[in-house]
Amino acid sequence: MKDKIFGVLQRIGRSFMLPIAILPVAGLLLGIGSSLTNATTIETYNLTGILGEGTILNALFTIMTKAGNAIFDNLPIIFAVGVAIGMAKKEKEVAALSAMIAFLVMNVTINALLQIDGTVLADGTISEDVLSGTVASVLGIQTLQMGVFGGIIVGLGVAALHNKYYKITLPNALSFFGGSRFVPIISTLVYVGVGILLFFVWPFVQNGIYALGGLVTGTGYFGTLIFGIIKRALIPFGLHHVFYLPFWQTAVGGTMEVAGQLVQGGQNIFFAQLADPSTVHFSADATRYFSGEFIFMIFGLPGAALAMYHCAKPEKKKQAGGLLLSAALTCMLTGITEPLEFSFLFVAPLLFGVQVVLAGSAYMIAHMLNIAVGLTFSGGLIDLFIFGILQGNAKTNWMLIIPAGVIYFILYYVIFRFLIQKFQFKTPGREDGDGETKLYTKADYKARQGEQTKSGDPAGDERSILITQGLGGKKNISDVDCCATRLRCTVVKPELVNDQILKQTGPSGIVKKGQGIQIIYGPSVTVVKSNLEDYLVNAPDEEYLAPDEENVEEKEVRETTPQNTEAKTTKKVLCSPFTGEVHPIADTPDEAFAGKMMGDGYMVMPVEGVIYAPEDSNVTFVFPTNHAIGLTTVDGVEYLLHIGVDTVKLEGKGFEMFVKDGDFVKKGDKLMAFDIQYIKEHAKSEACIAVFTGLTEEEEVVMKRSGHVNEQEEIAEIVSC
C-alpha cells in the first residue's frame with residue numbers, strides 16, 4: 001500500500017510539471033514587460049523618449065505584460081488540462097478536452113447554486129455580506145475561490161474517469177458514444193455532482209486552508225526553515241512539486257490584497273505586486289518560499305562542486321573538472337541542481353543531508369534579510385536578473401544575496417571538502433581503480449535503491465522486463481495493445497526484436513508483420529498487457545540490444561501429418577458452435593491460428609451471425625471488445641471461440657454479447673450475435689475459429705465434416721495417440 005501511494009504521488013508530481021513549465025515564459029513576459037513600463041524605472045534611467053507612453057516599445061512591453069498576466073490569471077484551468085494530460089495513460093487529447101469541459105461545468109454549477117442562495121446577485125455582483133476573497137471570477141464565471149486546487153481536482157478526477165472508460169463498449173444502439181467519446185460525457189455528468197458537492201464542502205476546506213496558512217506564516221522564520229528543509233529532502237523522491245505547489249499557488253502560502261484584489265499564494269502575490277506600479281517593496285513573507293534558492297543555487301552548490309574537484313585524484317582531476325564545471329554552470333544559470341545533488345546523494349547520503357540543512361537555512365536567511373526576489377521555476381542567475389536586479393534593490397534587497405551567497409559558498413566548500421576527505425567518499429574523480437568518472441542521475445539513484453526490482457512492484461515484473469528487452473527496449477516500442485489472445489505491439493525498428501528473449505516469457509508463438517509484433521499468450525494476455533504498461537511507465541527510455549550469444553538449439557515445431565485415425569483413441573466428439581462452411585484450422589487467414597500457436601481446432605466461414613454453446617460450459621471470459629469468448633466444459637475441455645481476424649480493432653462494433661464472465665450455459669444457448677457483413681467490410685476476415693487451448697502434446701483435433709455444417713452438428717473429434 002505504501003509503495004502504491006508513493007507511486008501515485010510521483011505520477012501526480014510529474015503531471016504538475018506540464019502546467020508549471022509554462023510559468024517561466026509567463027514570468028519572463030510579465031517581468032520584462034512590467035519592469036520596462038514602470039513609470040519609476042523609466043524616469044530613474046531617463047528612458048522616457050524610448051519607453052514612455054505612446055512609444056512603440058511601450059506598446060510592445062504592455063502587450064507582453066498582458067500576455068504574462070493572462071497565464072497567471074487562468075492557472076486553474078491550465079492545471080486542470082495539464083494534470084489530466086499528465087495522468088492519462090492513452091489518448092491524452094481526449095482527457096484534455098474532457099478536463100476543460102468538466103472545469104467549466106463544475107464552476108457553472110457552483111455559480112448557479114451561489115445565485116440560488118443569494119451569494120451572487122442577479123446582476124452578477126457579489127452580495128455585500130460575503131467574506132472578501134471567498135468568491136472569485138474564473139473565466140468570467142463567479143464561483144468559489146478554489147485557485148489551482150479547483151484545477152487539480154478536475155485534472156485528477158477526469159484522468160481517473162478517462163483511464164477507466166476510454167475503451168468502454170456500449171450496446172450497439174449506443175455504440176457511437178462508446179470508447180473515448182464516452183469520457184467527456186461521463187466527465188460532464190460527474191462534475192455536475194462534484195460542483196454541487198463542492199458548493200457545500202469547499203467553505204470548510206477553505207477555512208482549513210486559511211488555518212494551515214496561518215500556522216505556517218505564523219511560525220515566522222522557523223516555519224520558513226522547516227519549509228526549505230522538507231522541500232529539498234523530497235528532491236530524490238520527485239515529490240517536491242506536490243509539497244511546494246500549494247505554498248506557491250494557494251492560500252496555504254498566505255493571502256494579500258494587491259491593487260484592490262485578494263491574491264493567494266506566494267508566487268501569485270509576487271507577480272501581482274510585480275504588475276502593480278504602486279508596489280514599493282515586494283513582500284518577503286510571500287517570497288520566503290523561493291528567495292533563498294538564489295543563495296545556495298548560485299553560490300552554495302558551486303562551492304560543493306569546487307570541493308569535489310579539489311578532492312579528485314590527480315589523474316582524474318581534468319575529467320572530473322569538466323563534468324563538475326558544466327554541472328555548476330547549469331546550476332548557477334538555470335537553478336537545475338539535479339546533476340550535482342544526485343552525484344553526492346548517490347555516493348554519500350551524508351553530504352546530501354548537509355545540503356538539505358544548508359539549503360533549508362538559506363530560505364530562512366533570505367527571509368530574515370527581507371530579500372524579496374521572485375522566480376518562475378528555479379533560483380538561477382536568469383531569474384535573479386529579471387526579478388531582482390532589473391526590479392532594483394529598493395524593491396527586492398537583491399544585493400544582500402551576494403554577501404550571504406559568499407558565506408554559503410565558503411560553508412559548502414569547507415564542509416564538503418572536510419567530509420569527503422575524512423570519510424573517503426567516492427565523489428566524481430575519486431573512483432577506485434579505472435572506475436568511470438561521471439555525474440549520476442535520478443535513474444541511477446532509483447536503480448541503486450532497488451525500486452525497479454522489488455517483488456510485486458510492476459517495475460520489477462520479470463516477464464515485462466523480458467518483453468521490453470525482447471522488443472528492443474522502451475524507446476523501440478511505440479504502441480502496446482492486445483486482442484483476446486495476443487499482445488500486439490508496434491515497434492520502431494523491427495531489427496531490434498529478439499525472438500530468443502521473447503520466447504523466455506512463455507508465449508505460444510510470435511508473429512512478425514513489419515513493425516507489428518504479435519506475441520501469443522492466450523486468454524491471460526490482458527494481465528500481461530496491463531503489467532507491461534505499468535512497467536513501461538518507469539522503464540529506462542532506451543533501446544536494448546541483446547549481447548551476442550552462442551546459438552542455442554531449439555526444438556522444431558511439430559507439423560501435423562496425415563495419420564491413421566484408426567490407430568488413435570477418440571476422447572471427445574465436438575459439436576459446432578457455428579453455421580457455415582467448415583475448414584481445417586490450417587486454412588485460417590492468420591499465421592498464429594493457422595500455425596496452431598494457440599492450440600489445435602477448426603475454422604468455419606459463417607453464413608449465420610450467431611454463436612451457440614457447443615455443450616454445457618462455464619463462461620471463463622468475455623473479451624472486452626466482445627469478439628472472443630472462453631468456455632470450459634463440465635469435463636474440463638477449454639474452448640476459445642474467436643470471431644473474425646483482426647477484429648479487436650473494431651472495439652466491439654458489430655458484436656452483441658448475451659453472456660458474461662462466470663455464466664453457466666447449456667448446450668444450444670445463444671452466446672453472441674455478430675454482423676457478418678460489417679466484419680467483412682472492416683476486418684481482415686469474418687472467419688470463426690474454435691481453438692482448444694488445453695490439449696496435451698498427445699492430443700489433436702481430427703475433422704469429421706467438410707463443406708456445410710449447421711450449429712450443434714458433429715464437426716470433429718479430439719483424439720489421442
Side-chain angles (χ1 to χ4, degrees), residues 17 20-21 23-24 27-28 228-229 231-236 238 240-241 244 289-312 319-349 351-363 365-366 371 373-389 398 401-417 419-420 425 427-429 437-445:
M17 289 311 298
I20 286 174
L23 296 183
L28 290 173
I229 288 175
K231 181 184 176 184
R232 301 316 298 177
L234 290 174
I235 291 286
H240 53 298
H241 306 298
Y244 75 71
Y289 306 112
F290 35 80
S291 286
E293 294 186 5
F294 296 103
I295 295 175
F296 71 83
M297 290 181 179
I298 298 175
F299 295 93
L301 284 171
L306 182 62
M308 288 188 280
Y309 169 71
H310 283 160
C311 292
Q319 186 180 3
L323 293 169
L324 290 167
L325 177 62
S326 173
L329 288 175
T330 299
C331 182
M332 293 173 68
L333 289 171
T334 67
I336 297 173
T337 62
E338 183 180 279
L340 280 176
E341 284 185 305
F342 275 84
S343 289
F344 53 75
L345 165 67
F346 190 79
V347 297
L351 294 180
F352 185 75
V354 171
Q355 149 65 1
V356 167
V357 174
L358 288 175
S361 67
Y363 287 90
I365 294 297
I371 296 171
V373 180
L375 51 73
T376 57
F377 172 71
S378 200
L381 281 168
I382 297 173
D383 279 1
L384 176 62
F385 174 77
I386 295 172
F387 303 114
I389 299 172
W398 71 266
I401 291 175
I402 297 175
V406 170
I407 294 172
Y408 268 77
F409 179 90
I410 296 170
L411 282 173
Y412 271 82
Y413 177 83
V414 171
I415 295 173
F416 269 64
R417 182 163 185 170
L419 292 176
I420 290 170
F425 291 137
T427 48
T437 299
K438 69 173 186 174
L439 297 177
Y440 294 93
T441 66
K442 188 178 291 186
D444 294 317
Y445 171 73

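Scope of the values below: all heavy atoms of this structure, side chains included, with no hydrogens, waters or symmetry mates.
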Between [X] and [Y], what is the shortest heavy-atom contact and its length?
X	Y	result
Gly405	Ile295	CA-CG2, 4.1 Å
Phe299	Val406	CD2-N, 4.0 Å
Ile365	Tyr408	CG1-OH, 3.6 Å
Pro302	Met297	CD-O, 3.5 Å
Ala320	Gly429	CB-CA, 3.9 Å
Ile298	Gly380	CD1-C, 3.9 Å

For the atom pair [atom1] ([X]) and [atom2] ([Y]), what is the distance rounded to the nearest 0.5 Å?
X	Y	atom1	atom2	value
Phe387	Ile382	CZ	CD1	10.5 Å
Ser291	Asp383	OG	CG	11.0 Å
Tyr412	Phe296	OH	CZ	6.0 Å
Leu384	Glu293	CG	CD	12.5 Å
Cys311	Ile420	SG	CD1	4.5 Å
Tyr363	Arg232	OH	CZ	5.0 Å

Worksheet item: How far apart are the C-alpha atoms of Leu358 and Ile415, what are their side-chain angles, what is the distance that settles it, and do they pass the side chain to side chain contact (heavy atoms under 4.5 Å, CB included) test?
Response: CA-CA 10 Å; Leu358 288 175; Ile415 295 173; 4.3 Å; yes

Practice prompt. State which residues pass ring pair (Phe, Tyr, Trp, His ring centres under 6.0 Å) with Tyr309; sequence neighbours excluded, sorted by chain then number.
Written response: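 With sequence neighbours excluded, Tyr309 shows a ring pair (Phe, Tyr, Trp, His ring centres under 6.0 Å) to no residue whatsoever.
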
Worksheet entry | Counterpart residues, side-chain contact (heavy atoms from CB on, under 4.5 Å), relative to Ala307 (two or more places apart) | Tyr413, Phe416, Arg417

Worksheet item: Given Phe385 and Leu381, is the side chain to side chain contact (heavy atoms under 4.5 Å, CB included) satisfied, shown in steps?
Response: CA-CA 6 Å; Phe385 174 77; Leu381 281 168; over 6 Å; no

Practice prompt. Mind running side chain to side chain contact (heavy atoms under 4.5 Å, CB included) on Thr427 and Leu351 for me, showing each step along the way?
Written response: CA-CA 10 Å; Thr427 48; Leu351 294 180; 4.0 Å; yes

